[in-house]
Amino acid sequence: MSSQVDLLFEEYLKTRKIDINRGQFMYLLNLYPSLIVCMSDGVLDKEEWDGVLRIADGIAEAYVESPEKEERQKMALLFRTEFRYLLENIDRWKKRFLNALKNHLENNTEDKEFVLEAMYLFANAADGISDVEESIIAELSERLSLEY
C-alpha cells in the first residue's frame with residue numbers, strides 16, 4: 001500500500017507535469033507550512049519572496065551535482081516555479097499537503113524540527129513575526145504535532 005506522501009506525490013506530478021524525484025518533492029512538502037505562514041497576512045512580502053528564492057537556490061545546489069551552472073539554475077527555476085504555484089494555490093493543496101505531511105512527520109523527528117524552524121525563518125523574514133504569523137505557526141504546529 002502506498003503512503004499518503006506517495007499518493008500525493010503521484011497526484012502532484014500528474015497535475016504539474018514536472019520532472020522531480022520523491023526527495024525533491026519532500027522539500028516542497030516540508031516547506032509547505034512555511035508558504036502558508038508567508039501568505040497568512042494575505043501578502044507575500046518582498047523579503048519573504050527573497051527567502052523563498054534562497055531556499056530554491058539551496059535545493060538546487062544540494063541536488064545538482066553537475067559543475068554546469070546552467071543545470072543548477074534550471075533546478076532552482078523549477079523550485080521557484082513550484083513555490084509560486086503553491087503560493088497561488090494554497091487552498092487547492094492545503095488539506096492534502098498537511099495531511100500527508102502530518103503522516104510523514106509521525107516518525108521523522110528531523111523533519112519535524114526542519115518544518116518548525118522553517119516556519120519561524122519565513123515568518124521572521126519581513127520585520128519580525130507578526131501576531132497573525134505567530135497564530136498560524138501555533139495552529140500548524142498543533143495540526144502537525146510539532147514540538148511548539
Side-chain angles (χ1 to χ4, degrees), residues 2-64 72-148:
S2 295
S3 72
Q4 274 190 287
V5 171
D6 292 330
L7 294 172
L8 178 63
F9 178 49
E10 289 173 21
E11 178 184 0
Y12 192 79
L13 288 181
K14 284 180 189 169
T15 301
R16 296 295 296 153
K17 298 178 182 23
I18 57 172
D19 184 24
I20 62 172
N21 63 40
R22 190 178 187 279
Q24 293 162 338
F25 179 75
M26 291 307 298
Y27 272 106
L28 292 176
L29 183 63
N30 284 330
L31 288 168
Y32 190 79
S34 299
L35 299 177
I36 293 172
V37 171
C38 283
M39 291 304 294
S40 63
D41 60 359
V43 177
L44 182 66
D45 300 321
K46 181 188 180 326
E47 295 86 358
E48 290 168 332
W49 179 242
D50 288 344
V52 170
L53 296 180
R54 281 191 299 278
I55 293 290
D57 291 343
I59 295 169
E61 198 67 37
Y63 272 100
V64 178
R72 282 192 300 280
Q73 289 173 331
K74 215 163 96 176
M75 178 63 72
L77 180 60
L78 180 137
F79 274 95
R80 289 175 184 183
T81 301
E82 292 316 301
F83 288 142
R84 181 171 298 284
Y85 168 78
L86 289 169
L87 284 163
E88 292 171 352
N89 293 278
I90 290 278
D91 293 335
R92 177 178 183 179
W93 293 100
K94 185 175 183 177
K95 184 177 181 181
R96 288 176 272 190
F97 265 70
L98 292 179
N99 286 343
L101 183 58
K102 180 177 175 51
N103 183 270
H104 166 72
L105 293 176
E106 286 176 359
N107 298 313
N108 199 317
T109 306
E110 281 183 24
D111 281 359
K112 274 186 177 185
E113 290 173 17
F114 176 84
V115 170
L116 186 60
E117 288 174 13
M119 284 193 295
Y120 276 105
L121 182 70
F122 276 71
N124 205 24
D127 301 325
I129 301 171
S130 71
D131 291 342
V132 172
E133 290 167 330
E134 188 67 51
S135 175
I136 293 296
I137 291 171
E139 179 184 312
L140 289 169
S141 294
E142 184 175 327
R143 181 168 179 180
L144 297 172
S145 301
L146 302 175
E147 314 309 320
Y148 178 68

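Positions are given from 1 along the sequence.
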Visitor: Nearest 0.5 Å, what's the CE-CG distance between M39 and L86?
Guide: 12.0 Å
Visitor: Nearest 0.5 Å please: distance from the CD atom of E113 over to the CG atom of L105.
Guide: 11.0 Å
Visitor: Between D57 and R80, is the closest basic N to carboxylate O distance under 4.0 Å?
Guide: yes
Visitor: Using the side chain to side chain contact (heavy atoms under 4.5 Å, CB included) rule, take E61 and R72 through it: C-alpha gap first, then chi angles, then the decisive distance, then the call.
Guide: CA-CA 6 Å; E61 198 67 37; R72 282 192 300 280; 3.3 Å; yes
Visitor: Which label fits F97 and Y12: parallel for a plane angle under 30°, tilted from 30 to 60°, or perpendicular past 60°?
Guide: perpendicular
Visitor: Counting heavy atoms not belonging to E110, are there more than 12 under 6.0 Å from its CD?
Guide: no
Visitor: Can you name the closest pair of heavy atoms from A76 and A60 and give their distance?
Guide: N-CB, 3.4 Å
Visitor: At what distance, to the nearest 0.5 angstrom, does OG of S34 lie from CG of L140?
Guide: 9.0 Å
Visitor: For the atom pair CG (L29) and CG (N103), what is the distance rounded to the nearest 0.5 Å?
Guide: 10.0 Å
Visitor: Taking all non-hydrogen atoms of both residues, which atom of V37 and which atom of S40 are closest, and how far apart?
Guide: O-OG, 2.8 Å
Visitor: Can you give me the closest heavy-atom contact between P33 and M119, atom names plus distance?
Guide: CB-SD, 3.6 Å
Visitor: Keeping the roles fixed (side chain from K112, backbone from L144), state whether a donor-acceptor pair exists under 3.5 Å.
Guide: no
Visitor: Kindly say whether Y120 contributes a backbone atom to a donor-acceptor pair with the side chain of N124 at under 3.5 angstrom?
Guide: no
Visitor: Between R143 and K102, which heavy-atom pair has the shortest distance, and what is it?
Guide: O-CD, 3.2 Å
Visitor: How long is the gap from CD1 on I18 to CG on L28, to the nearest 0.5 Å?
Guide: 6.5 Å
Visitor: Taking all atoms of both residues into account, what is the closest heavy-atom pair of R22 and S3, and its distance?
Guide: NH2-OG, 3.9 Å
Visitor: Ring centroids only, cut at 6.0 angstrom: are F79 and Y27 within range, meaning strictly under it?
Guide: no
Visitor: Is S135 reaching over with its side chain to a backbone N or O of D131, donor-acceptor style, under 3.5 angstrom?
Guide: no
Visitor: For this output row, return yes or no: ring centroids of Y32 and F122 closer than 6.0 angstrom.
Guide: no
Visitor: List the steps and the verdict of side chain to side chain contact (heavy atoms under 4.5 Å, CB included) for R84 and V52.
Guide: CA-CA 9 Å; R84 181 171 298 284; V52 170; over 6 Å; no
Visitor: Any non-hydrogen side-chain atom of L35 less than 4.5 Å from a side-chain atom of W93?
Guide: no
Visitor: Does this structure show an ion pair linking D50 with K46, if we count only N-O contacts that are shorter than 4.0 Å?
Guide: yes
Visitor: If you apply the rule side chain to side chain contact (heavy atoms under 4.5 Å, CB included), what do you find for L13 with I20, and how did you get there?
Guide: CA-CA 8 Å; L13 288 181; I20 62 172; 3.9 Å; yes
Visitor: For the atom pair CZ (R54) and CG (L121), what is the distance rounded to the nearest 0.5 Å?
Guide: 8.0 Å
Visitor: To check you understand the geometry: which heavy-atom pair defines the closest contact between Q24 and D19, and what is its length?
Guide: OE1-O, 4.4 Å
Visitor: Look at the side chain of R92 and the backbone N and O of E88, then say whether any donor-acceptor pair between them is shorter than 3.5 Å.
Guide: no
